[in-house]
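First comes the structure, then the notes that go with it.
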Amino acid sequence: MENNSNSSDMQTVNAGFNSKTGGISFSLLAIIYCIFTVAASVVTAIIAKSIMGKYGYTEFTEAVKHVQETDAFVYVSYLLTPIMIALCVLFTLKRNGISFGAVFPVKCKPKYYLIAVLFIFGLLFSVSYVNGLSLEFFKLFGYKPRESSSYFPDTSGGLIVPVFIVIAILPAFFEELMFRGVLLNCCENGMGSIRAILVTGFCFSLFHTSPEQTVYQFIAGCAFAFIAVRSGSVLPSVLMHFINNALIVIFSACNLFDAAGNLIMPNTAFIIVTVLSSLSFVGAVVWLILDKTSIKKCEKGGVKAFFLYASVAIGALGLIWILLLFGVN
């Protein structure tokens, strides 16, 4: 009886994990994102208007920019994402009768944590430089990248603690819960492991709507998904995500980024780190490819179903990405 009950529960969970559920959850997240963005814009405009007083459009624009550069605005911006994801995940789990443990498995072999460290070392210190090439391409269209300092509130002294919480800890948990928990599981059941890795990487990159980070976030999203598929756990990708964001916060606090967001280091150190990190990244990829964990095959219509139900998210987030590319905030 106990075995039959467990089998029934597993079938119920698997029924909820499909391309349609994944597409709907991503579109729901995009809808919540748009609602929150509009609300934040209205509040920002109201605050800017109160600061500006009775002046023209130029003064109003400057007032809006001033509000957006405050630490309070940056903190709120970072905190909105975990809230959006929590709402989306809660709705998806309740609607489909899926347990939290099913989308956030934690047990895996210790070797996957070592692979995670190798992976993130390679991503941060070799793959991230690919962004520079794509950024130069986007500049041909008039794109003006944000200064790296605009991404962070004050990190001096003890203020680095709340920055760590909102930039390193919360995203590592909530974004992995959404993209490598809910979305990856749904996509993998509907379209197979390989396609699911690529699709979740695409969705992860698109959700951030950041032209200057598009390439890196796509590759990172695929890497996070790859190790989640092989390990059968979300924790290695959570670790990778945390290390990635935590090191970026530390480098920023130590003023190790230039205005373009590139890490400042001597040429010799740059060459050594780049070579070692490249080998680390390739080694992690090969290690996972040679892993004997079985992968799921694509079901007929799985890819089509996902993109059909995710079309709202792809259209809305894609439009925002294009507007940001051309400097429309």
Side-chain angles (χ1 to χ4, degrees), residues 81-82 85 89 100-131 164-185 187-188 193-205 207-208 213 215-252 263 272-296:
T81 297
I85 290 176
V89 170
F100 178 81
V103 297
F104 204 84
V106 295
K107 292 183 179 180
C108 71
K109 296 179 180 179
K111 69 176 183 179
Y112 292 108
Y113 294 106
L114 174 59
I115 297 174
V117 173
L118 293 174
F119 234 151
I120 201 61
F121 177 56
L123 282 167
L124 270 172
F125 295 101
S126 59
V127 177
S128 61
Y129 289 104
V130 177
N131 264 357
F164 248 93
I165 294 173
V166 300
I167 296 182
I169 297 176
L170 293 181
F173 174 78
F174 282 97
E175 291 184 16
E176 292 310 301
L177 171 62
M178 177 64 199
F179 291 96
R180 262 62 64 177
V182 174
L183 202 57
L184 179 61
N185 274 294
C187 289
E188 192 179 12
S193 300
I194 296 175
R195 292 174 179 82
I197 289 170
L198 295 173
V199 168
T200 53
F202 164 74
C203 292
F204 180 70
S205 177
F207 175 70
H208 287 82
Q213 297 181 32
V215 176
Y216 179 76
Q217 287 171 337
F218 171 72
I219 298 174
C222 290
F224 295 164
F226 193 12
I227 197 169
V229 166
R230 285 306 202 190
S231 67
S233 170
V234 181
L235 286 188
S237 63
V238 169
L239 175 64
M240 289 174 65
H241 204 145
F242 170 75
I243 293 175
N244 179 86
N245 292 14
L247 286 180
I248 290 174
V249 170
I250 292 172
F251 293 155
S252 176
L263 192 61
I272 294 173
V273 170
T274 301
V275 171
L276 291 177
S277 61
S278 298
L279 293 174
S280 177
F281 182 80
V282 173
V285 172
V286 172
W287 197 344
L288 288 179
I289 290 175
L290 296 177
D291 192 290
K292 296 182 179 179
T293 305
S294 60
I295 60 175
K296 296 180 181 179

For residues 116-126, run the donor-acceptor check on the side chains, cut-off 3.5 Å, and write out each pair with its distance to 0.1 Å, sequence neighbours left out.
| residue | atom | partner | partner atom | Å |
| --- | --- | --- | --- | --- |
| S126 | OG | G122 | O | 2.4 |

Return all side-chain donor-acceptor pairs below 3.5 angstrom for residues 219-229, not counting sequence neighbours, or 'none' if the list is empty.
none

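Using a 4.5 Å heavy-atom cutoff, the side chains of E175 and H208 are in contact. Using a 4.5 Å heavy-atom threshold, the side chains of Y113 and C108 count as touching. Looking at Q217 and F207, their side chains never come closer than 4.5 Å, going by heavy atoms from C-beta outward. Taking the side chain as every heavy atom from C-beta outward, Y216 and V130 never approach each other to under 4.5 Å.
P236 and S231 make their closest contact through CG-OG, 3.8 Å (heavy atoms, listed as atom of the first residue, atom of the second, distance). T200 and I197 get closest at one heavy-atom pair: OG1-O, 3.2 Å.
No donor-acceptor pair closer than 3.5 Å links the side chain of S205 to the backbone N or O of F202. The backbone N or O of K296 sits less than 3.5 Å from a side-chain atom of S193, completing a donor-acceptor pair. The closest donor-acceptor contact from the side chain of T293 to the backbone of R230 lies under 3.5 Å. A donor-acceptor contact shorter than 3.5 Å links the side chain of S278 to the backbone of T274. N185 places a side-chain N or O within 3.5 Å of a backbone atom of G181 that can act as its donor or acceptor partner.
To the nearest 0.5 Å, the span separating NE2 on H241 from CZ on F204 amounts to 4.5 Å. In this structure, L235 CG and R180 CZ are separated by 13.5 Å, a value rounded to the nearest 0.5 Å. Interatomic distance, OG of S252 versus CG of L247, reported as 12.5 Å (0.5 Å rounding). Distance CG/L198 to SG/C187: 11.0 Å, rounded to 0.5 Å. How far CD1 of I250 is from CD1 of I243: 10.5 Å, rounded to the nearest 0.5 Å. Rounding to the nearest 0.5 Å places CD1 of I167 at 11.0 Å from OG1 of T81.
Every residue meeting the ring pair (Phe, Tyr, Trp, His ring centres under 6.0 Å) condition with F173, not counting sequence neighbours, appears here in chain and number order: F104.
Between D291 and K109 no salt bridge is recorded (no basic side-chain N to carboxylate O distance below 4.0 Å).
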Evaluate V249 against F164 for side chain to side chain contact (heavy atoms under 4.5 Å, CB included), listing each step before the verdict.
CA-CA 7 Å; V249 170; F164 248 93; 4.2 Å; yes

inquiry  = Test side chain to side chain contact (heavy atoms under 4.5 Å, CB included) on F179 and L184; report intermediate values, then the result.
reply    = CA-CA 6 Å; F179 291 96; L184 179 61; over 6 Å; no

So F100 and L177, side chain to side chain contact (heavy atoms under 4.5 Å, CB included) or not? Walk me through it. CA-CA 9 Å; F100 178 81; L177 171 62; 3.7 Å; yes

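Heavy atoms of other residues, nucleotides or ligands lying less than 6.0 angstrom from CD1 of I194 number 12 at most.
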